[in-house]
Amino acid sequence: MQYEDKTFRKVERKKNITIIPEYLYSVKEAMYFLGVHRVTIYRYMNNPDNPLEAIRFNHDRMILFRGSVLLAYKACSLPKRGRRRKQ
């Protein structure tokens with residue numbers, strides 16, 4: 001089955017993102033910088049041990065991160081990646 005509509009296209013991941021400490025970054029940019037999935041970013045924000053600090057605008061509809069926070073979070077060890085399994 002062929003689609004004539006070109007709405008289905010693969011989004012390429014950005015390889016190198018330069019983070020400037022004074023700027024604000026979106027969830028998508030933080031996702032590319034940390035090398036994790038979008039849902040993992042939200043889990044990092046709710047992590048009880050070491051939460052990722054975020055700035056929320058428009059009644060929590062827009063979430064931004066300071067560049068300095070992203071650099072510090074990547075410098076310290078990130079929480080373990082992978083599936084959470086019930087024990």
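Computed from a predicted structure; not experimentally measured.
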Taking the side chain as every heavy atom from C-beta outward, state whether L52 and N47 have any pair of such atoms under 4.5 Å apart.
no
Supply the atom-to-atom distance R56 CZ to R61 CZ, rounded to the nearest 0.5 angstrom.
13.0 Å
Nearest heavy-atom neighbours spanning Y25 and I20
OH-N, 2.7 Å
Which ILVMFWY residues are connected to F57, directly or by a chain of links, through side-chain heavy atoms under 4.5 Å apart?
L24, I55, M62, L64
Given 3.5 Å as the limit, does a donor-acceptor pair link the side chain of Y73 with the main chain of E53, or not?
no
Indicate yes or no: at least one non-hydrogen side-chain atom of I63 is less than 4.5 angstrom from one of M45.
yes
Nearest-0.5 Å distance, CG of residue L70 to CG of residue L34:
6.0 Å
I want to check something: taking the side chain as every heavy atom from C-beta on, are N50 and Y44 in contact at a cut-off of under 4.5 Å?
no
Are the side chain of N46 and the backbone N or O of Y42 linked by a donor-acceptor pair below 3.5 Å?
yes
Same apolar cluster: M31 and V39, side chain cutoff 4.5 Å:
no
For a quick test of reading the model, state the closest non-hydrogen atom pair linking P21 to L71 and the distance between them.
CG-CD1, 3.9 Å
A30 to F65 - nearest heavy-atom pair and separation:
CB-CD1, 3.8 Å
